[in-house]
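Below: the structure, in structure tokens.
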Amino acid sequence: MDGLPDELLDRICSFLDRDELCTTMHISSSFRRVASDYLLFQLGISQSDVLAGTVELVISKSLHLILFVAHICPIQRLECFGDSKNMQLSELERLTAILGEARPIPDLVIHDKLEEGQRRDLDSLTLYLLTHLPQTATETLLIVVSRSTPISSTSIHVSRPRAGPPPIGMVPLDDPDDPEPTTPYSPDYTPGILMLVFGVILLGLLLALYNSYTIIRYVFRRGILGRGWSVQERITTDVYPERLRDREGLRLQRLPNTYTLVTCKESGAFNHFVMRPLRGVPESVYSAFLASLEPQFKDATVEPWSYLTFADLATFVSRQNNLRTLDCRHDSIRYSSLISASPFHYHVHCKITHLAAQASYIPNLLSLTPNVERLYLRFPSVSNRLSGPWIFNFFAYCTALEAIARLPGSHSLALSFNFNLAAAYLPWDIEDGSDVPQPETQLHRVEHIMLRRTQAKHYSQHIFTASTIRALLPWLARFPSLQRVSFDKDSVEMMCYDQRLEVAEEIASICLGMSGAGDVAFEIAKDDEIRNG
């Protein structure tokens, strides 16, 4: 066979299927050289992919071909069992053994096609794979799972390799179900403080006993029995086990600094995504995490004090084809990244229609959301003391409205203003005819305005009264196309029907686009309506 010309060997290999090519490669070195190219071609791998190092392999059977391709060139992406039906557990065991011998694969996708009869033997296929795959034991995992709730929210869990469980008294890893405290704890000096102190002492004793038990168990298992903390125990401690059940598979993507992104696949379940700071995760890893995230979401929220860079947020938004709502909370974006941001280029294909953010973020965020229809503007006030006095940020207000006026398109817009009514120098405090700019006159597309008060305990007593609403009239008159005004139900004082009608008629009289008092809506709570008759 070694004496046959390559043209004849090439002609023979052209008639063979994948299994026959695998058999032919064992005949001689000449057949192996020629049949390798045909086998790669049937696997969807071209010579240009091999030379460029961008090999992607999709395979359901013949798992040994993974090692064959890996010996020729590194595999950048591997997808397994996509076309399989009634997959056996033995195939998974063989796959994990093969992946242990092959070079590390940056992007690995494994579909869940396990047979129902064998599924009963496993508590969770996802947990099984995370326990037996080679890289999960030595790398920090960022596990993204969706929760079956009415809004199908998504949570991120960090699982770091460590020798044993932390004592219960130590700071745990980030738990997405426990929100960060927004205000510091202030003790209430009442007679009940004695019972609280007694409870704290008792709880401390219980924690000390539990920590002692944890340390003794660690020494016993590591020192005497020599068995460390298993990967399964570590993952089930970091992630609720029930969230790893009933998945369609998982995807593992290698990130910098020995981190691995694990996405639990579930069709149609990723609706709401919350971006929040992950303790101990470097910024470069978090940037790569957002750039590699595969699921498509409908809503996204950036939690307070995330200090996300604008470039990372832009990368995330550009990869989302179904995103409709974006909510950026207080201090969610790093200010230095807004100053150094590149010149605006509107993402015309973005489908975001609802944008909520503080006013200082709006000029930059509008470049990501040119098709927005409803904007929720927040105006954090400035003060040197916690109790005030508060100063309204008029510069951020003008900058945001001017950016909205430059927004491309011709569709109508709705603006929701969230004001701190305890602040000084609010927009309606500016008299007409002064030298202060009035950006409201440029908003020809704004037809609906919603007014809310800032919900904060330090100035929650300040609400819209009849006199406050009458002070708004010159400010509302500056909007040239205003057709409707709405007040939030928790932001207006209790007023009888005649008083509300009188105030609504005054607003309609100064807004040329309104037809009458019916265009002014007071969203009064039902309890207030009943008490008011």
Side-chain angles (χ1 to χ4, degrees), residues 1-115 117-118 125 128-129 132-136 139 248-255 260-261 263 265 292 294:
M1 290 293 183
D2 287 334
L4 295 178
D6 288 349
E7 293 80 2
L8 180 57
L9 300 180
D10 185 83
R11 183 65 174 171
I12 293 173
C13 292
S14 64
F15 294 103
L16 305 181
D17 59 19
R18 182 184 301 181
D19 294 336
E20 293 170 339
L21 286 172
C22 292
T23 304
T24 306
M25 291 176 62
H26 295 283
I27 296 178
S28 66
S29 59
S30 300
F31 259 117
R32 185 181 305 111
R33 184 182 66 255
V34 177
S36 297
D37 295 337
Y38 277 95
L39 185 56
L40 290 175
F41 177 77
Q42 292 193 13
L43 292 173
I45 302 173
S46 63
Q47 286 296 324
S48 59
D49 293 335
V50 175
L51 296 177
T54 58
V55 173
E56 297 185 5
L57 179 59
V58 180
I59 194 168
S60 296
K61 298 181 179 180
S62 304
L63 297 176
H64 62 277
L65 294 177
I66 298 175
L67 291 176
F68 163 73
V69 176
H71 281 304
I72 297 177
C73 58
I75 301 175
Q76 300 300 317
R77 186 177 188 274
L78 174 63
E79 184 174 349
C80 299
F81 309 121
D83 300 328
S84 296
K85 294 182 180 180
N86 298 327
M87 182 177 64
Q88 302 295 319
L89 183 59
S90 59
E91 297 181 66
L92 281 176
E93 296 173 349
R94 188 182 179 197
L95 174 64
T96 55
I98 290 176
L99 292 176
E101 300 178 13
R103 302 176 184 176
I105 299 175
D107 193 352
L108 174 62
V109 180
I110 302 176
H111 296 274
D112 182 4
K113 299 298 180 64
L114 196 62
E115 192 179 57
Q118 299 205 356
L125 176 62
Y128 173 84
L129 292 173
H132 292 83
L133 290 174
Q135 65 265 41
T136 57
E139 298 190 356
E248 296 183 354
L250 78 164
R251 181 179 184 183
L252 288 84
Q253 299 167 268
R254 296 179 67 89
L255 302 177
T260 297
L261 170 60
T263 306
K265 299 175 69 65
S292 305
E294 178 191 28

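To the nearest 0.5 Å, atom CD1 of residue I66 and atom CD1 of residue I105 are 6.5 Å apart. For the atom pair L252 CG and T263 OG1, the distance stands at 8.0 Å (nearest 0.5 Å). Rounded to the nearest 0.5 Å, atoms OG1 (T24) and OH (Y38) are 12.0 Å apart. L16 CG to L21 CG: the interatomic distance, rounded to the nearest 0.5 Å, is 5.0 Å. Taken from CG in L92 to OG in S90, the straight-line distance is 8.5 Å, to the nearest 0.5 Å. Annotation: the span from R251 atom CZ to L108 atom CG amounts to 10.0 Å, rounded to 0.5 Å.
Judged by distance alone, the side chain of E20 and the main-chain N or O of D17 form a donor-acceptor pair under 3.5 Å. The backbone N or O of L89 sits nowhere less than 3.5 Å from a side-chain atom of Y128 that would complete a donor-acceptor pair. Of the possible polar contacts, one joining the Q253 side chain to the S292 backbone as a donor-acceptor pair under 3.5 Å is found.
Residues F81 and H111 share a closest heavy-atom pair of O-CB, 3.6 Å. The heavy-atom pair separating L67 from E101 by the smallest distance is CD1-OE1, 3.5 Å. The two residues V34 and C13 have their closest heavy-atom pair at CG1-SG, 4.1 Å. Smallest separation of non-hydrogen atoms from A70 and A102: CB-CB, 4.4 Å. Here the shortest heavy-atom pairing between E93 and T96 reads O-OG1, 2.8 Å. Closest non-hydrogen pair, L129 versus L250, comes out as CD1-CD2, 3.0 Å.
The existence of a salt bridge linking R254 and E139 is confirmed by a sub-4.0 Å separation between a basic side-chain nitrogen and an acidic carboxylate oxygen.
L78 pairs with exactly one of D107, L99, V69 by the side chain to side chain contact (heavy atoms under 4.5 Å, CB included) rule, that one being L99.
With contacts defined as side-chain heavy-atom distances shorter than 4.5 Å, the pair C80/V109 does not qualify.
For CZ of R103, the number of neighbouring non-hydrogen atoms (other residues, nucleotides, ligands) closer than 6.0 Å is greater than 12.
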